[in-house]
Protein chains: 2
Amino acid sequence: MIERHLARLRLRHEISESDVALIRGAIAEVREIPAGRTLVEAGERLRVSTLVLDGLLCRYKDMKDGQRQIAELHVPGDFADLHSYTLKRLDHSILTLTPCRVAVVPHVELARITKASERLAYVYWFSTNLDAAIHREWVLSLGRRNALARMAALFCELQARLQVVALADQTGFALPLNQTQLAECLGLTSVHVNRVLKELRTRDLVTFRGGHVSIRDLAGLQRVAEFDPGYLYLERQPAD
Amino acid sequence: MIERHLARLRLRHEISESDVALIRGAIAEVREIPAGRTLVEAGERLRVSTLVLDGLLCRYKDMKDGQRQIAELHVPGDFADLHSYTLKRLDHSILTLTPCRVAVVPHVELARITKASERLAYVYWFSTNLDAAIHREWVLSLGRRNALARMAALFCELQARLQVVALADQTGFALPLNQTQLAECLGLTSVHVNRVLKELRTRDLVTFRGGHVSIRDLAGLQRVAEFDPGYLYLERQPAD
DNA sequence: CGCACTCTTGATGGTCATCAAGACGGGTGG
DNA sequence: CCACCCGTCTTGATGACCATCAAGAGTGCG
């Protein structure tokens with residue numbers, strides 16, 4: 001059930017069987033949630049964190065006029081709001097973008113298992129720091145990449161992250177979003193996203209259609225994006 | 001010496017005297033560093049974290065063509081790279097923007113004190129999550145605010161953060177940056193920053209001159225920025 | 001079959017980048 | 001002491017990128 005989460009953790013860190021048992025024991029409940037459901041409202045007091053088993057979620061913030069900015073996408077294996085364990089309330093909302101299956105992990109359980117295992121405490125701290133690294137890359141994208149490079153960078157990031165949990169390969173992956181949601185990730189309008197997707201298709205780099213990303217030329221896409229996967233920390237972390 | 005760091009921590013969390021002693025004991029060295037020095041290169045293996053005692057630092061990433069994006073500013077009392085404790089190497093560089101005085105905290109000491117005190121482990125985890133919250137607000141700024149609102153939001157954020165360490169009040173604060181560096185925070189060019197500053201001055205909201213931000217109308221500035229300090233978690237965190 | 005949502009494309013305009021040049025100001029050396 | 005120099009600031013002119021507005025086509029669903 002938590003295989004994808006374990007795959008994600010074990011890519012970077014050695015995780016013992018006793019730690020796996022602790023994680024399994026921390027899950028209070030598994031829930032199915034339809035698409036478009038706001039799991040967490042910004043500001044509400046939280047007492048559980050949400051582990052994504054299946055589906056896509058996002059963290060987003062809104063402006064008063066209704067403009068939305070998505071700050072991060074969450075794929076299976078991710079905790080969507082592990083940081084709520086220390087923050088108690090969040091500065092953003094969390095929304096399901098597709099139907100999701102999630103595991104609910106109460107904060108009291110997180111307290112228990114991180115006390116029981118220094119290793120898990122460390123690994124989960126790392127995990128929230130990885131979210132921050134992704135945020136920084138998005139800051140770079142929004143601040144300095146043009147629309148085409150931004151889109152390319154998003155596709156490169158998702159390809160790399162989904163590959164970790166065997167949901168992508170070199171040729172593509174499922175991405176059941178519409179162009180408006182892509183725009184909300186990229187700080188663009190859906191109209192411009194449409195034009196950019198056309199340009200990527202024309203350049204024979206990638207095709208986005210029917211919720212599927214078909215990569216024609218991954219190296220070319222990465223070149224357009226100036227993609228450097230370093231920020232995803234995909235390598236085994238030094239034991240030290 | 002670490003009064004500002006303690007003020008920052010104690011705003012949000014109760015910190016016992018024994019924890020203070022642990023923090024003090026973790027400092028290996030205090031260094032003075034001139035402005036414009038790259039403290040950390042992206043990718044290098046780190047074994048220490050840096051606590052800012054005095055001065056201003058930033059985390060930044062560069063594009064190949066030399067364009068720079070600053071992802072966060074660090075003020076006295078902040079750890080500039082606490083996250084390197086778990087990440088080992090960083091996805092960004094760290095630069096002094098002014099002459100700085102910093103305390104060097106080896107990762108082995110961080111390991112020691114977070115093992116000795118669950119409370120400190122928790123508080124420092126919170127601290128890195130707060131950095132992530134700031135990143136998210138910058139994502140929102142870069143994605144959805146226009147140049148004027150972005151600048152206003154930056155000033156509001158710095159006013160609030162510097163007030164915590166008694167380096168700002170309602171009327172303003174020192175900000176020894178040039179317009180190019182502001183542009184690197186905001187995803188703009190220095191030329192446009194100049195025009196935006198003029199507009200803010202004309203509207204009688206804020207004056208930036210000679211490295212000092214003079215706030216004429218804080219409420220008005222916050223309105224322009226749609227500033228909501230929630231993401232800075234300035235309130236005492238629930239004990240639970 | 002009709003409705004709602006999404007996608008697509010064109011036309012127009014605004015925000016911000018780029019290029020260029022002059023002003024200002026602080027520091028240095030002749 | 002003043003001339004010079006360099007970094008920074010300032011302003012204008014022009015243009016690119018992306019937003020906005022609008023309308024029609026495609027698609028899935030009740």
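Atoms considered below: every heavy atom in the structure, side chains included; atoms not considered: hydrogens, waters and symmetry mates. Throughout, protein chains are lettered first and strands after them, A, B, ... in sequence-line order, and every chain is numbered starting at 1. Since this is a predicted model, take the numbers as computed values, not measurements.
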Checklist entry - Just checking, any donor-acceptor pair under 3.5 angstrom between side chains of Tyr60(A) and Glu72(A)? => result no
Item to check | Sub-6.0 Å ring centroid separation between Phe126(B) and His83(A) | outcome: no
Checklist entry - Atom CG of Leu182(A) and atom P of dT6(C): how far apart are they, to the nearest Å? => result 12 Å
Checklist entry - When the C1' atoms of the five terminal pairs at each end define the local axes, what inter-axis angle does the helix from dC1(C)-dG30(D) to dG30(C)-dC1(D) show, to 10 degrees? => result 30°
Checklist entry - What's the CG-P distance between Leu142(A) and dC16(C), to the nearest Å? => result 14 Å
Next on the checklist: If I take atom CD in residue Glu184(B) and atom C1' in nucleotide dT8(D), what distance separates them, rounded to the nearest angstrom?
Outcome noted: 14 Å
Checklist entry - According to a strict under-4.0 Å criterion, is Lys198(A) in side-chain N/O contact with OP1 or OP2 of dT9(C)? => result yes
Checklist entry - Nearest-Å distance, CD (Glu199(A)) to C1' (dT9(C))? => result 15 Å
Next on the checklist: For the residue pair Arg89(A) and Tyr233(B), would you count it as a cation-pi contact if the rule is NZ or CZ under 6.0 angstrom from the ring centre and within 45 degrees of the ring axis?
Outcome noted: yes
Item to check | Spacing of Gln181(B) atom CD relative to dC9(D) atom P, expressed in whole Å | outcome: 9 Å
Item to check | dT8(C) OP1/OP2 closer than 4.0 Å to side-chain N/O of Gln179(A) | outcome: yes
Next on the checklist: Tell me whether the side-chain N/O atoms of Asn194(B) come closer than 4.0 Å to OP1 or OP2 in dC9(D).
Outcome noted: no
Next on the checklist: Out of the candidates Arg4(A), Arg59(A), Arg161(A), only one should pair with Asp78(A) under the salt bridge (Lys or Arg N to Asp or Glu O under 4.0 Å) rule; please name it.
Outcome noted: Arg161(A)
Checklist entry - Under 4.0 angstrom, heavy atoms only, what part of the nucleic acid is Asn178(A) near: base, sugar-phosphate, or nothing? => result sugar-phosphate
Checklist entry - What string of B, S and - do you get for nucleotides 15-30 of chain D 5' to 3' if you count protein non-hydrogen atoms under 4.0 Å? => result ---BSBB---------
Checklist entry - Less than 4.0 Å between a side-chain N and a carboxylate O, is that true for Arg195(B) and Glu199(B)? => result no
Checklist entry - Between dA17(C) atom C1' and Leu186(B) atom CG, what is the distance in whole Å? => result 15 Å
Checklist entry - In terms of side-chain geometry, is the basic nitrogen of Glu32(B) or Arg37(B) positioned less than 4.0 Å from the acidic oxygen of its partner? => result no
Checklist entry - Hey, are the side chains of Val40(B) and Leu46(B) touching, using non-hydrogen atoms and a 4.5 Å cut-off? => result yes
Checklist entry - Side chains of Gln170(B) and Gln163(B): is there a donor and an acceptor less than 3.5 Å apart? => result yes
Checklist entry - Are any of Arg209(A)'s side-chain N or O atoms less than 4.0 Å away from OP1 or OP2 of dT6(C)? => result no
Checklist entry - Between Lys88(A) and Glu235(B), is there a salt bridge with N-O shorter than 4.0 Å? => result no
